[in-house]
Amino acid sequence: VGGFRLGRVLGVEVRVDYSWFIICFLILWSFTSGVFPARAPGLPRAIYVAMGIGGAILFFASLLGHELSHAIVARRKGIPVEGITLFIFGGIAHTRSEAQTPGDEFQIAGIGPVTSLLIALVLGGLWYAGANAGWPAALLIVLEYIAALNVALAVFNLLPGFPLDGGRIFRSLVWKATGSLTRATKWATRSGQGLAYALIAWGIWLAVGGDLVSGIWLVFIGWFLRNAAVASMRQLTWRDSLITGSARQAMTPVPETVPAALSVQQLVEDYFQRRRFVSYAVEDAGRPVGIVTVDQVKAIPPDTWPTMRVRDAMAPATADLVVAPEENMIAVIEKLRRSPVQRVLVLHNGELEGIITVGDVNDWLGKMRASAPRR
Ligand SMILES: [Zn+2]
């Protein structure tokens, strides 16, 4: 992702995506030459520029406050937060995992709109105090306008379409009621897509009616939301197949084995040079004891091949190299990732049932994708 690091706020890393400059420019431009001159006519140009810059800073600080509140509550619920990114459509708090319970999800999502409303209240309070204390009109107008924008931000985020906060709140309620995160996500992403198409239709309506800028903007936001909703659903489908899929589904069953007492020389001549496999499960007295691969053998000096036994060249079948047939695919992938031979053995009661390579996992994922229902 393109962008740069802005700094850390309350222990949370804040990044800015390059697309953010577009919205930053649009906001500065619309504040200084549209919004503020319309609300306070007849002021010098320099005042509008100052109002625009001050307003933009307040607005982006408000957005940051909104995302920070998500990040802080998520962290308190034990979910690691990678940071916040400001981009063209606002901000995103990146968490490394999803909420574990509907209650956590409800609180993590709900705090965002609450924070925006609190910011609106503080700015509104300042505006009220300032109006009574005779602060300059330019300052009061900025406070009032950014307070109103924060209310709009809270309301927009409460729309019940995933991945907006309102969609997450909706999802947490369905999750709580049905006990199924999958079903809840389906409902919330569907309503997210519906909301996205409604925004696109509204944008087209506005554009046709002559308000081209707002119209195009709404179409863009709707299109972004639609993509985000579809991506969330796809991610969930993957997660589902990884959790429900087991080692047995992905493995190559009854793999060929070589005896542990065989010399490496024989292994090369009788197996690697004669057959298409680049790895074998190793057996000793009928029990699986390890995996030997052509890469391991290549790393051994050829003059030691005649005297060295396969058992001394192989990767032994320690707990890290072995999975049970029922083990879920997340655990299998985790072990594959750490395996020095990029393979794991599937054992059942000490008997060899299969072997899993990275290629097996890819094939299995491809099959899962092909059979996943289209939504
Ligand atoms: Zn939010």
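Note that ligands are numbered from 1 as they come in the structure, with each ligand's atoms numbered from 1 the same way. What you see is a predicted model, and the numbers here were worked out from it, not measured in a lab.
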*What distance separates F106 CZ from I169 CD1, expressed to the nearest 0.5 Å?*
5.5 Å

_Near the Zn ion (ligand 1) (cut-off under 2.8 Å), count of protein N, O or S atoms_ = 4

*Residues R343, V278; criterion side chain to side chain contact (heavy atoms under 4.5 Å, CB included); working and verdict*: CA-CA 11 Å; R343 286 158 176 78; V278 293; 3.3 Å; yes

_For a quick test of reading the model, state the closest non-hydrogen atom pair linking S263 to P306 and the distance between them._
CB-O, 3.6 Å

_Test side-chain hydrogen bond (donor to acceptor under 3.5 Å, both in side chains) applied to S116 - qualifying residues, sequence neighbours left out_ = H66

Which atom pairs, donor and acceptor, lie under 3.5 Å between side-chain atoms of residues 18-40 and protein residues at least two apart or in another chain?
{"from": "S19", "atom 1": "OG", "to": "D17", "atom 2": "OD2", "distance (Å)": "2.7"}
{"from": "S19", "atom 1": "OG", "to": "I88", "atom 2": "N", "distance (Å)": "3.1"}
{"from": "T32", "atom 1": "OG1", "to": "L28", "atom 2": "O", "distance (Å)": "2.5"}
{"from": "T32", "atom 1": "OG1", "to": "W29", "atom 2": "O", "distance (Å)": "3.4"}
{"from": "S33", "atom 1": "OG", "to": "W29", "atom 2": "O", "distance (Å)": "2.6"}

*If you link I, L, V, M, F, W and Y whenever their side-chain heavy atoms are under 4.5 Å apart, who else ends up in the same group as V174?*
F170, W187

